Structures are given as C-alpha cells and as structure tokens.
Amino acid sequence: MDAQDALDSLLGRLTSILVDEAQLLGRVRGDVEFIKGEMECMNSLILQLTEAHHRDYLVRAWMKQVIGLTRDCVGNVELYIHYIGSGPGGDSLVGYLRRVVRFVRTVQVRHRIATRIQELKARARDVGDRRQRYGVTVPPTSPMAAADIYDGDVERASDEEDLRRRAVLFDDAEPPEDYEEAVQKYIDTLVKCLSREPPPAAAAKDSDEPQVRVFSITRSDYWDCSLYENYLASPVARGAYEHPSVSTLFDCKALVKVFSYKEKDIARTVLAKILGEITGVQPGREDEQSTEKSSVDKDEEELSSELQGHLKGKRFLFVIIDKRSSKEQWKRILDALLHAADGCHPGSAIIVTTKSPSPYKIINAISLEEFYQEKIFELGQRYKDNVQRDMYTKIRNATIYSSAFARKMFMHLVYVNPIMKEDELRNYCHAISKCQQLNNSGIPQKMVIFCYNELPSKYRSCLLYLSIFPQGHVIKTTSLARRWMAEGIVTATTRSDEAKCAVNEAEHYWDELLVRGFISPIEISAAGNIKSCTLHHEVHKVITKIARDVIIVDTNLPTDWAHHLSIHNRIGLQKSHSAGDTKDFASSLPSLAASPEWKLLKVLDLEGCHGLEKHHLKSICKILLLKYLSLRNTDVTELPKQIKELQCLETLDIRQTKVRVLGNKLIVLPLLKHFLAGQKVSASNDASTSEESIVTVSMPLGIQKMINMEILSHVQITDRDSELAGITQLLKLRKLGVALQGKNVKLSDLFFQIEKLQKCLRSLSIRMCGSPAGSENHDAEAVEALRFLPQFIERLNICGITSRLVYSIKDHHQLAKITLSDTYLKEDDLRILGNLASLCSLKLQHKSYIESELYFKKCEFQSLAYLLVEGKEITRIRFAIGAAPKLERILWTFETMDALSGIDWLPRLKKLELNGDCDLDPIKEALESHPTSQRQLHE
C-alpha cells in the first residue's frame with residue numbers, strides 16, 4: 001500500500017462514516033469533513049507524482065508525512081466509532097439502558113479521541129501548507145509514465161489463444177545452458193534409443209515394434225541466421241552417427257544432407273546419395289565403361305529397387321540432415337526410404353533432422369538459444385519494420401545470454417505486451433545498452449523493472465506488500481489474502497464482484513503476479529490455484545527498493561520483523577531495549593506495546609514465535625482495531641478472557657497450538673470471519689509415512705451470534721442441540737470442519753442442520769471420534785447418514801468412517817475434491833469413486849485404502865487432475881490405457897514401492913513426486929517414452 005492506496009482506503013472509510021449522522025457528535029463531524037477534503041486534494045497530487053515517477057528526497061519526505069497522517073486519521077476515527085457505536089443490547093428498554101451506561105463510561109475516552117481528531121485536522125492543514133512552503137510541485141507527465149500507471153487489466157486474447165500462450169510461457173523444460181553439454185545429452189538419448197534390441201524374429205510379426213524405427217530430431221521452426229551456429233539438430237545427428245557403439249549395431253550406414261530441391265526430384269536425389277554412400281560410388285561418377293545406367297539418369301522407382309536389393313536382410317542406419325525441406329518434401333523422402341527398406345532386418349533406423357511436425361518418435365534437440373527464440377516468437381509478434389526488428393532482436397539476444405532469470409522475465413514481458421511500440425523498444429534498448437557496458441550485471445533487475453512498469457496500479461500495492469517478507473520466505477497465499485483485506489489493500493472498492501470473498505478475489509491478483517513473472521509457485525492446488533509461493537531474489541531486491549521509495553515499509557524496526565506487523569505501523573523500540581534482543585520478537589512485545597501506535601495495529605502475525613506468555617497476550621488484547629491475529633505454531637496453551645475486547649477481529653488463527661477452548665465463558669467476536677483451529681499430531685517422528693490425527697477445540701460458546709463467520713475449522717461437537725443449532729445461524733459459512741464426539745451427536749443430525757446452509761456451504765470436513773475405527777456398529781449409522789449428504793457439498797474430507805462409505809456417495813457427482821483417511825476402502829470402492837463425474841482431486845491418506853494395488857481402469861476418473869497417495873499399505877499403482885486422461889500431478893509417499901506402471905499412458909502428466917525407497921530407472925524410462933509431454937520427476 002503506497003501513499004495513493006492509503007489515501008483511497010481513508011477516503012472510502014471517511015465517506016461511509018459521514019453518511020451516518022448519528023455516529024458523530026458536535027465538532028467531530030466538521031473536523032472529519034475537513035480532513036476528508038484535504039485528503040482528496042493530497043490524493044490527486046500523489047497520483048500525479050506517481051505517474052511522473054517523481055521521487056526526489058523532498059517529495060519522499062512529504063509523502064511520508066501524508067502516509068503517517070492518513071494512518072493516524074483512519075485509526076483515530078475508527079476508535080471513535082468503536083466507542084460511540086450502539087454496542088449490544090438491542091431495541092428493548094434494557095438494551096437502551098445498557099447503551100446509556102456505556103455512553104457515560106466512555107465519555108472520557110471519546111473526549112480524548114475527539115481532541116486527537118482536532119489535532120489531526122491541524123496536522124492536515126499544516127501538511128498542505130508545507131507542500132507550498134517547500135515547493136513540492138508536479139512535473140509534466142510523460143506518455144510512457146501515464147501508460148505505466150494504467151489501472152486496468154491486460155486485454156487478453158481469446159480464451160483458447162490465451163491458454164496456448166500460457167502453456168508456452170510456463171513450459172519450463174529448459175535445455176542445458178552449455179552448448180557442448182546439450183549436444184552430448186541429446187546424443188546419449190539417441191544412442192540409447194538406437195541400442196534397444198528389436199523383438200526376436202519369431203515374435204516380430206505379433207509385435208507393435210516397426211521394422212524400421214524413425215527418429216525425428218526437431219529444431220526450431222523460427223529461423224534466425226544470427227543464431228544458426230547454435231542449432232543442435234545437425235551435430236546431434238552426426239554425433240550419434242559417428243558414435244563408436246553405433247558402428248557395431250548396423251551392417252551399413254549412410255549420412256546425407258538435403259538442401260532445397262524441386263519437390264519432384266527430392267526423393268530421387270536422396271536415394272541416389274544413399275546408394276552412393278553404401279556402394280562407395282557417388283552419383284555421376286560411375287565407371288564410364290559400365291553398360292548400366294548412371295544413378296543420375298535413373299528414376300525414383302529404379303533407385304528404390306536397387307537400394308532395396310542392397311538392404312535386404314541387413315540392419316541399416318540412415319541419417320538425413322534436412323535443413324530446408326517442406327513438410328510435403330519430408331514426407332516424400334521418408335515414404336521412398338521406407339519403401340526401399342522393405343525386407344530389411346528389424347531394428348534398422350532412419351534419423352531425420354527437420355522443423356516439420358512428425359508422427360514418429362521425436363528428439364527435441366534444440367539449443368538454449370533456439371528454445372527461447374521459439375518461445376518468444378510464439379508469445380509475441382514478428383516486426384516488419386527493420387528498425388523495430390533490430391531493437392527487438394538486440395533486447396532478446398541480450399536477455400538470452402544474460403541469465404535464466406532474465407530470459408524468464410523477458411518472456412513474461414512479451415506475454416503481457418506482445419506488440420511493443422517503437423518508443424518502448426527504444427527505451428528498453430537504451431537501458432539494456434547501459435547494462436551491457438557493466439558486463440550485463442544489471443539486466444535481470446532491469447527486466448524486473450520493465451515488468452513492474454507494465455503492472456496495473458491496483459496490483460502494485462499487493463506486489464510491494466510482499467517485500468515485508470524475508471528473502472526466500474515461503475508465503476501462504478490464503479493467509480496473505482486475509483492480511484490484504486485487514487490492511488485495506490483489497491477492499492470493496494477494488495473488488496470486481498461484491499459477492500466474491502476476499503480469498504477468491506486474491507486468486508485473481510496472484511494470477512496476475514504469476515503471469516508477469518514476479519512470484520514463483522511452491523505448491524499449487526488441484527484446482528490450479530497457488531497455495532504458496534516465493535520471490536526470486538532479484539524480484540525481492542527490486543520491490544524492496546521500490547517499497548522504501550514509496551514508503552510502504554517502515555525502517556524503525558529490524559527488517560526481519562516487518563512481516564509480523566501491519567505496514568506503516570511507525571512503531572519504534574524503546575531506547576532501553578538493547579540491540580541484542582532484536583533477534584527475539586516475542587521478548588520485544590512489551591517494548592512494542594509501549595508505543596502509542598500499538599493500539600492502531602490491524603495485523604499481528606506471530607506464527608512460529610515462541611516464548612509467548614500470558615502478559616504478552618493481554619497486551620495484544622488492547623489492540624482494539626486488530627483485524628488479523630495469528631498465533632499459529634506457537635507455544636500458547638490458553639487465550640485470556642480479554643480476547644473478547646477484540647471486537648474488530650476478522651481472522652483468528654490458533655492452528656498447531658495447544659489451545660482447546662476459545663473461552664470458558666460466552667465470548668462473542670461479531671466480525672469474526674475465519675476461526676482456524678486444530679493441531680495435527682503425528683504418531684511418529686516421520687510425518688510423511690506415519691498416521692496423523694487432529695486435536696480440535698471445543699465449539700465456541702455463542703457461535704450463533706458470530707454471523708459473519710465464513711470458515712469454522714476444526715471444532716469439536718458434543719451437543720446436537722446448542723452447538724449444531726448454532727451453526728445454522730452462520731449464513732455466510734463456506735467451509736466447516738468438525739469432529740463428532742460422543743453419543744449425543746450423530747452424523748444425521750449434522751446433515752439435517754447444514755441443509756439450511758445450502759446457499760453458502762461448499763466444503764465439509766468430518767472426523768468421527770470416540771469409537772474404534774473399522775467397527776461395524778460405529779459405522780452403521782454414519783454410512784446410513786451419508787446417503788443424505790447435501791448435494792451442494794463440493795469438497796469432502798472424511799476420517800474414521802469405513803464400511804460401505806463410498807457406496808453411500810456414488811450419486812454425488814458434484815463432488816470435485818475428496819480426501820479420505822481411516823476409511824479402509826477396497827477395490828470395489830475405487831470403482832465407484834472412478835465414476836464420479838466432477839472429481840478432480842483425490843487424496844488417499846493413511847489407511848484410506850487397504851489393498852496393495854491401486855488400479856485405475858479404462859474410462860475411470862475422467863476429470864481427475866491431482867492424485868495424492870500416502871501410507872504403507874499401497875505398494876503398486878497401475879494405470880490402464882484411457883484411465884485418468886486429465887491427470888497432471890501425482891504425489892506418492894510410501895515405505896516401499898513394488899511397481900508404478902502405465903504413467904506413459906497419462907497424456908497430461910506434468911509432475912510426478914515420489915517419497916520413499918524405490919528404483920527410479922523404470923520410471924524414468926517410462927517418462928522418456930513420450931518426450932513430447934514435458935514431465936518432472938521429483939525424488
């Protein structure tokens with residue numbers, strides 16, 4: 001959030017406040033109106049300064065004052081509203097009397113805040129005067145700068161075309177950077193293919209193995225003479241031909257070059273050259289005294305018959321280095337050779353280098369330069385103007401020879417701006433030339449800046465916000481989306497659809513940052529959404545500098561602390577706090593809490609902090625405007641009763657803590673949207689293969705009054721009357737995770753109640769507790785109840801229900817994501833799951849499936865894109881032809897693996913991750929059998 005965004009947030013808040021006359025008293029309303037008017041003028045000025053990229057020290061100092069003033073205005077006005085709000089009580093006489101008592105009790109604090117607002121009015125006037133006194137003026141805005149601050153989304157091509165371009169952009173199967181290394185890699189691959197023995201003669205007739213194997217070594221379809229010397233196809237083909245081990249495999253060999261011939265003569269010319277190589281007599285140099293026709297005078301049929309006689313019963317290798325032939329010419333050459341090869345020994349081979357598509361086995365032997373040249377041409381346009389083409393080529397070549405990151409960023413730049421104007425090209429060329437004078441050291445950062453300038457302004461705040469995280473930090477996108485909402489970065493004014501939740505809107509923001517190259521995904525969900533990501537160090541370096549330039553990051557505290565607090569917090573350590581203590585954030589909380597800015601915090605993220613004590617938590621409960629509080633993975637065991645004072649809290653994250661209850665008495669947090677609880681406990685130190693259980697918290701008392709709740713997970717239900725009835729009042733609930741405990745609550749009761757949430761609830765997690773897993777009595781009622789699972793549930797997580805579980809959900813074709821554990825499924829159950837039409841994600845965790853082999857049959861799992869398998873029971877996974885045609889990612893964690901077969905029949909497989917003890921050679925060989933599909937194998 002830069003100065004402009006801070007002002008936008010404030011103006012929206014002030015406007016909503018001024019609408020309600022009853023919430024403001026006396027002169028406070030007039031003061032707020034004056035502040036609003038001043039801020040509108042400052043907002044216009046800062047917008048112009050931003051467009052002009054005007055960042056001298058004087059402007060920077062003034063902008064810092066505006067941001068400080070803005071934050072103080074927002075905080076104090078919201079505090080005032082907090083104290084004069086109607087509060088609890090309702091419209092009854094008792095409610096009226098309670099409000100009167102509250103009004104009297106808050107007179108002093110309201111008077112203090114009203115006085116503070118008057119002071120802020122004076123500060124606003126002084127900041128405006130100071131701009132005039134020191135001559136902070138607006139320089140003229142250049143056309144390029146105006147384009148940089150464009151506030152809309154990129155106008156994308158059609159959906160089909162955009163999907164094609166995205167596939168090109170994110171195909172990261174980069175060849176080796178070293179030319180010699182790349183050549184040797186492809187030679188080894190080709191020699192390995194040539195060395196495979198054909199089936200025995202007796203079985204050859206029944207085998208699918210062709211008599212003559214054809215290998216097509218492709219090169220880039222985009223010819224560029226400046227990079228010709230880096231093409232790999234010819235040296236790879238020649239290297240395989242001359243390889244020592246190949247000489248012993250074949251009875252005769254021939255290598256010929258094909259240039260651009262007339263189509264009617266090309267096949268005849270190739271046949272004549274091959275005959276010359278085999279017989280040792282070149283075309284046109286036959287014995288003059290011979291009575292036979294010269295090969296130059298023979299037609300194609302005569303040459304084919306003669307060559308067939310030489311090849312009969314022999315194993316041969318032909319290499320045709322084809323530089324310019326068309327698709328039709330290439331087909332004619334191959335047809336003539338295959339006709340001449342009739343009767344040859346099985347295992348013969350033809351290698352052709354071509355740019356044309358091929359139905360035969362393809363070896364993509366392209367150099368790094370070819371690889372990126374082809375990608376860039378597919379993402380952008382070809383320039384007809386010589387000047388523009390030369391500038392574009394200079395930029396492209398400079399990035400190609402700079403670094404892998406610079407190449408990547410240039411591709412992202414071309415993706416978002418495929419048609420660069422001449423002024424843009426000239427500016428880029430000038431900047432690149434300066435970097436080249438410095439030995440290319442600055443090109444990666446320049447590419448980041450180029451991409452940043454193409455970023456619409458509404459996404460810049462979200463990008464700069466990422467600078468608060470330490471370099472290399474893994475960022476959880478869902479948690480960060482909640483922080484953005486708490487900070488006001490993603491607000492109602494920036495959301496395109498009011499019905500969307502913040503997390504869904506944030507996914508669009510993440511996608512924009514991804515296609516522009518700023519973030520690198522770490523984990524992606526089955527639906528294709530980014531779950532966690534990180535920043536390249538060059539990106540982090542650039543945005544950190546920009547963030548300081550636009551004053552998004554405070555420098556009063558250690559940089560490693562920035563991600564714990566709100567941005568623009570302006571909190572400083574007390575002088576008495578020694579520098580040596582700054583390594584421990586928890587121990588510094590008393591010093592931070594002593595700052596007057598402490599109570600204005602909106603975000604406090606203490607995830608991973610240890611050493612938190614009761615007095616620390618009590619000081620946190622004094623932050624009345626706090627919206628986001630994370631105590632995740634801390635040593636907190638109990639929340640103080642003062643937690644009820646956090647009436648503005650929207651997110652409370654107590655996962656991976658020992659907290660078991662929100663409060664022993666009624667605690668109502670009326671604005672709470674996300675209550676995240678539960679502690680995962682592993683049965684052994686090896687969490688990857690051991691069983692996991694979740695220790696939940698008790699259902700909060702008064703849950704029915706937290707009507708803004710969107711996520712409630714994971715809570716324990718022991719009473720069907722009060723707790724289940726309370727859930728039905730949460731008409732915004734999207735995700736529910738429960739553990740059913742005891743005899744007083746049944747699964748059927750849960751389903752009956754949540755039927756009332758059909759307009760909002762989409763994700764349901766159920767854990768059955770209190771009875772031994774696998775018990776028939778334990779399962780009977782649960783399985784019967786599953787027949788009444790609401791049809792609006794799309795994501796289902798079940799633990800502890802066995803006996804005929806899957807049979808009960810066989811008609812729930814709306815289910816898109818299923819996670820199972822302790823369900824003891826068998827093969828028949830897998831068949832039912834395979835027929836669920838919408839199932840795109842399947843997670844089989846510990847003891848979910850008890851057979852040793854997981855077999856995916858033909859025509860099953862037609863929508864499955866993500867498969868996760870964990871546990872020691874499954875040792876074999878097998879895919880039939882036609883099974884899971886959309887499967888892209890497989891993650892398998894095991895103790896031992898006996899076999900993994902059929903993965904070469906998965907046309908869309910992109911990533912295979914195996915965790916455990918296994919032999920990877922057969923798997924690598926299976927993946928190599930279809931090299932046209934880019935796949936990653938992670939061990």
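Computed from a predicted model, the values in this text were never measured in an experiment. Position 1 is the first residue of the sequence, and the numbers go up from there. Any value given below was found using the heavy atoms of this structure, including those in side chains, with hydrogens, waters and symmetry copies removed.
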Supply the atom-to-atom distance [X] [atom1] to [Y] [atom2], rounded to the nearest 0.5 angstrom.
X	Y	atom1	atom2	value
Leu887	Trp905	CG	CH2	16.0 Å
Leu868	Ser841	CG	OG	8.0 Å
Phe861	Phe856	CZ	CZ	5.0 Å
Ile903	Leu912	CD1	CG	5.5 Å
Lys886	Cys840	NZ	SG	10.0 Å
Met699	Thr696	CE	OG1	10.0 Å

Donor-acceptor contact present, side-chain [X] to main-chain [Y], <3.5 Å:
X	Y	value
Thr651	His674	no
Gln814	Gln791	yes
Gln845	Val869	no
Gln656	Lys680	yes
Glu487	Arg482	no
His564	Leu606	no
Ser838	Ala816	no
Ser566	Lys602	yes
Thr823	Ser848	yes
His616	Glu613	yes

What are the two closest heavy atoms between [X] and [Y], and how far apart are they?
X	Y	answer
Lys759	Arg762	O-NH2, 3.8 Å
Leu662	Met706	CD2-CE, 4.1 Å
Gly702	Val668	O-CG2, 4.4 Å
Leu731	Lys756	CD2-O, 4.4 Å
Pro885	Pro907	O-CG, 3.4 Å
Cys648	Leu671	CA-CD1, 3.8 Å

Practice prompt. Let me see the working for Cys533 and Thr477 under side-chain contact (heavy atoms from CB on, under 4.5 Å), right down to the final yes or no.
Written response: CA-CA 7 Å; Cys533 66; Thr477 56; 4.2 Å; yes

Worksheet item: So, Lys732 and Asn708: side-chain donor and acceptor under 3.5 Å apart, yes or no?
Response: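 Checked: Lys732/Asn708 side chains pair up, N/O donor to acceptor below 3.5 Å.
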
Discussion item. Can a side-chain donor-acceptor contact be found between Gln741 and Arg767 if the only test is distance below 3.5 angstrom?
Written reply: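 Per modelled atom types, Arg767 and Gln741 side chains form no pair under 3.5 Å.
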
Side-chain touch [X]/[Y], heavy atoms, less than 4.5 angstrom:
X	Y	result
Pro670	Gln647	yes
Glu851	Ile874	no
Leu833	Ile818	yes
Glu638	Val661	no
Trp892	Leu900	yes
Ile654	Leu629	no
Ser713	Ser765	no
Tyr849	Leu830	yes

Item to complete: Apply the salt bridge (charged side-chain N to carboxylate O under 4.0 Å, His left out) test between Glu523 and each candidate in Lys476, Lys531, Arg889; give the one that qualifies.
Response: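 Exactly one pass, corresponding to Lys531.
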
Worksheet item: Are Glu853 and Arg878 close enough, and set up right, to give a salt bridge (charged side-chain N to carboxylate O under 4.0 Å, His left out), and what steps lead you there?
Response: CA-CA 7 Å; Glu853 181 180 69; Arg878 183 159 55 103; 3.2 Å; yes

Worksheet entry | Residues forming a side-chain contact (heavy atoms from CB on, under 4.5 Å) with Ser630, sequence neighbours excluded |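 Residues passing side-chain contact (heavy atoms from CB on, under 4.5 Å) with Ser630: Asp605, Glu607, Tyr628, Arg632, Asp653.
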
Worksheet item: Got a sec, which residues hit side-chain contact (heavy atoms from CB on, under 4.5 Å) with Leu761, two or more places apart in sequence or on another chain?
Response: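 With neighbours one apart ignored, the set is Leu733, Leu736, Ile754, Leu757, Phe792, Ile793.
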
Worksheet entry | side-chain contact (heavy atoms from CB on, under 4.5 Å) between Leu617 and Val636, worked out | CA-CA 9 Å; Leu617 300 179; Val636 174; 3.8 Å; yes

Discussion item. Is there a side-chain contact (heavy atoms from CB on, under 4.5 Å) between Tyr824 and Lys847? Walk through the geometry before answering.
Written reply: CA-CA 6 Å; Tyr824 296 85; Lys847 295 183 180 178; 3.5 Å; yes

Worksheet item: With under 30° as parallel and over 60° as perpendicular, where do the rings of His563 and Phe469 fit, or are they tilted in between?
Response: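 Tilted, since the angle between the ring planes falls between 30° and 60°.
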
Discussion item. I'd like to know whether CG of Leu666 has more than 12 heavy-atom contacts from other residues, nucleotides or ligands below 6.0 angstrom.
Written reply: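 Count over threshold, so yes.
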
Practice prompt. Go through the steps to decide whether Leu906 and Phe879 satisfy the test side-chain contact (heavy atoms from CB on, under 4.5 Å), and finish with yes or no.
Written response: CA-CA 8 Å; Leu906 302 175; Phe879 295 92; 3.9 Å; yes

Discussion item. List the residues meeting salt bridge (charged side-chain N to carboxylate O under 4.0 Å, His left out) with Arg831, not counting sequence neighbours, and say none if there are none.
Written reply: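 Partners of Arg831 by the salt bridge (charged side-chain N to carboxylate O under 4.0 Å, His left out) criterion, ordered by chain and then number, come out as Glu827, Glu860.
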
Item to complete: Show your reasoning for whether side chain to side chain donor-acceptor pair (under 3.5 Å) applies to Arg876 and Ser852.
Response: CA-CA 6 Å; Arg876 295 187 302 276; Ser852 61; 3.2 Å; yes

